[in-house]
Structure formats: C-alpha cells, structure tokens
There are 2 protein chains.
Amino acid sequence: MAKSKGTKNLDTSTEEKIIQAASKVFTQKGYVATRTRDIAEEAGINLALLNYYFRSKEKLFQLIMAEKLQLLFSVILPIVNNDDLTLDEKIETLVENYINLLVDNPDLPLFVLGEIKANPEGFKDRLQVRKLLQNSSFVRQLRERKPDVEPVHFIVSLLGMTVFPFIAKQVLFADDNTFKMQMEERKVLIAKWAKIMLET
Amino acid sequence: MAKSKGTKNLDTSTEEKIIQAASKVFTQKGYVATRTRDIAEEAGINLALLNYYFRSKEKLFQLIMAEKLQLLFSVILPIVNNDDLTLDEKIETLVENYINLLVDNPDLPLFVLGEIKANPEGFKDRLQVRKLLQNSSFVRQLRERKPDVEPVHFIVSLLGMTVFPFIAKQVLFADDNTFKMQMEERKVLIAKWAKIMLET
DNA sequence: GTCTATACTACGATAGAC
DNA sequence: GTCTATCGTAGTATAGAC
C-alpha cells in the first residue's frame, strides 16, 4: 500500500506510522479539528517529521481520504456490477459486506460525508457515484423488477437502513457491545425488509 | 424567541441578526470550521459586537445548538407520545413532518450528528432520546405489533430512510430541484414501505 | 451600542543542528 | 532521518475611543 523504499522495510516504518495515526485522527475528528500535533503524538514521532514525509497537512489528508473512498467503493462496485448475481443475492451480499466494513470502521460514514459537504468542489471529479450506479446491472435489475419506482429511492433506503445506525450511533445506541450485536442482527433484517419492499 | 429588550424592538435587532447569521454559518460549516469573522460578516456587523452580545463563540454556539435540538425534538416527541394516534398514523405523520422539516433545513442532520460526535460529553445530559423513546406509546405499539423484533431496529430503519438522503445529498443526488421533488415522492414511499415491514 | 486597534494564543510550517 | 527551536499567520477576545 505504501511505496516500499529500498531501505528499512520494517513494516512499522515512520512513514507508515504517520499514515496509521493520520487515518485514525482524521476519521475521528475531521480535517479542520485535527491538529498536526495530534497526529505526530499519536504516531509517536516528532511534528517536523510529518512535514518531512508529506509536505503538508493537506497532502497527508488527501492521501487518507483517497484510501477511505477506495475502501468504500471496493465493497460496492464489485457487487453492483456483477452480472452473475441475482437482485436478491446482490442485496444480501451488499448488506452483509457493508455492515462488516462499517463495524470495523464505524467513523467512516460521518467522516467521508462530512468532508464532502465541507468541500464539495474537491470531490466533483472523483465522485461519479451516480453515473457508476446508473449503468450498473444492479440498477438494471431494479428497473426490471419495479418499473414504477425510481431506483434511487430503493438504493437510498437500503443504504439508509444500513449506514444510518453508524452515523447516529452516539444518539440511538447505548454501549458498544450491544451495538455490534444489533448490527449483526440487522444483516438479515435489512435484507428481508429490502426484499419485501420490492415485492409490493 | 430572543429576549426582547425595552429598547429598539425592530425585529432585525443586532442581537437577532447575529443569531440568524450564526445559525446559518454554524449549521453549514460546523463549530471548528466557522470563524467568528464569518458570522460577523454574514450578519453585517462588527466582530467586536459578537463578543459584546454573547461573550464568546462557544456561548453563541450553545445557543444555536439548543435551538436546533429543540427543533428536531419538537417534531418527534408530540407524535410518538400521542396515544390517540394509531401506529400507522404515527408513521405517516412522522415521515411527513420530518421530511418537511428537513427540506427546509437540509444541513440540520449532518450538523447535529457531527457536533454530537465531536463532543459526546457535552450532550450526555441533554440527550436521553433512548429513554424518551423507550417509554413512548410508539414503542409500546411497536412491541404489540411485532413482539419478535426489537423496536430500535424498526426505528433506525424508519429514520435512516427519512434522514439519510439529506446526509448523503451531495453524493447521491444531482440538482436541488429534483432532490426536493424526490423527497416529496419519498413521503408516501417510506410510509408504505414502513407499514409492510411491520406486516411480515 | 458600535467602532478601531491590538493583545494573546494556537497552529502549520521551516531552519538548522545532529 | 530525526530532533529542537522558532517564524509567520490566523483566529478569539478585549481595551478603549466615540
């Protein structure tokens, strides 16, 4: 993932330590609220090294954000474009994989959506989610199954049921353990609900 | 809403102008990203006046946030606690009123949830949403209708379908006009879907 | 109440020794 | 590559004139 220099291939190289720390602090607090000093401390390195390796806070952020977007897309795209999966199979796999990802990265949705809103211009190019979905076999299958409902409505509902609990975690759920347990329960529930939404 | 001094009861008093400006800028950019200078400029007043009226950025923020929480609760609480409404009526009214509120205040969800996550301690007292819901007639009705499903799962799905489009607006929707139109469509769609989720 | 000018602090970034 | 020390800037808040 990181470019491997010829020298010092220890896996916790300073560069990697900074990336790990930045990933953690940025996703927890967002761009403006994180101080480069936080990242340096979290990484256990000196503040000056951060600029030595990544030139600026902004550049480091770009790197982390690209990783996170990649992470989110890598779950969705292979599924919605897989012609070998039935609509129901797509729904099941999507929910299962997405909840797995979010349980491991609960801060991801609020972080990514918050940064996009804070700087919409910076994502105009990288985010053609709409176009990617538009031509997917997922949307094609949705139109076949329910020609009277715009696919976006179903997709937003499916994503909402899946992602929203992680966004509203602090407000709606008590402790971390029951939260994780209930997210496991949701996998089958959402899949079931999504399917009957398509049957009416 | 603002305390009316004896002097100068013009409805765009300086105090009110600052509140309006702060409300706009804070909800758009969040606490850390807004500069008191932004608020002053937006209000068309001098920076020093902000501190004269509200002592600090922090105090002004508390005021705005309290207003916003009040706004969100004022839509939910009267409905979920109304014993005269059937479960289906509650669902319809909740979705209708909430989408109406969010169409007028599209930044509200991301703002409130973002600030709560940024400072969870500051909301420990004010936010007993779980307890308020727990004892509501809404949850009681849900338990009666579907004793085998934890009410939280249904509530999170209902809220997710309703609120999530406003959170992911920038990513999933094109222009503002079709967005508003589609949110109108969603009112009946979500209510319909929520009801069949309770019938299985 | 409203303004100008400024004090104070926090942060990002860099220079320069090792 | 890594550190210490410091510069420059931006932001909150206040002092003091009007």
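Residue numbers start from 1 in every chain, and the chains themselves are labelled A, B, ... in the order their sequence lines are given, proteins ahead of strands.
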TODO: Return the set of residues passing side-chain hydrogen bond (donor to acceptor under 3.5 Å, both in side chains) with A:K57 (not counting sequence neighbours), or none when no residue passes.
DONE: none
TODO: With sequence neighbours left out, write down each residue that passes side-chain hydrogen bond (donor to acceptor under 3.5 Å, both in side chains) with A:Q62, or none if nothing qualifies.
DONE: A:E58
- [ ] Please work out which residues in residues 27-35 of chain A have a non-hydrogen atom less than 4.0 Å from an atom of DNA chain C and list them by number.
- [x] A:T34, A:R35
Open item on the list: Just the rounded figure in Å: distance from P of C:dT2 to CD of B:E15.
Closed with: 10 Å
TODO: Find the distance B:L60:CG to D:dG11:C1' and express it as a whole number of Å.
DONE: 15 Å
Open item on the list: Could you work out, with side-chain hydrogen bond (donor to acceptor under 3.5 Å, both in side chains) as the rule, every residue matching A:R140, not counting sequence neighbours?
Closed with: A:D83
TODO: With A:K169 as the cation and A:F179 as the aromatic partner, state whether NZ or CZ is under 6.0 Å from the six-membered ring centre and within 45° of the axis.
DONE: yes
- [ ] Determine which pairs satisfy side chain to side chain donor-acceptor pair (under 3.5 Å) with at least one residue from residues 191-200 of chain B, sequence neighbours left out, and list them in order.
- [x] B:E92-B:K195
Open item on the list: For B:S157, give me all partners under side-chain hydrogen bond (donor to acceptor under 3.5 Å, both in side chains), at least two apart in sequence or on another chain.
Closed with: A:R186
Might you list the N or O atoms of the protein lying below 3.5 Å from N or O atoms in nucleotides 13-18 of chain D, with each pair's distance?
| from | atom 1 | to | atom 2 | distance (Å) |
| --- | --- | --- | --- | --- |
| D:dA13 | OP2 | B:N51 | OD1 | 3.4 |
| D:dA13 | OP2 | B:K57 | N | 2.8 |

Open item on the list: Quick test of your reading: applying salt bridge (charged side-chain N to carboxylate O under 4.0 Å, His left out), list the pairs with at least one residue in residues 151-163 of chain A, sequence neighbours left out, ordered by first then second residue.
Closed with: none
Open item on the list: What is the separation between atom CG on A:L49 and atom P on D:dC3, rounded to the nearest whole Å?
Closed with: 5 Å
Task: B:N46 side chain, from C-beta outward: closest of D:dC3, C:dT4, C:dG1 - done: C:dT4
- [ ] Among residues two or more places apart or on two chains, list those pairs meeting salt bridge (charged side-chain N to carboxylate O under 4.0 Å, His left out) that have a residue in residues 97-116 of chain B.
- [x] A:K117-B:D107
- [ ] Whole angstrom is fine here: how far is it from NZ in A:K17 over to C1' in D:dT2?
- [x] 11 Å
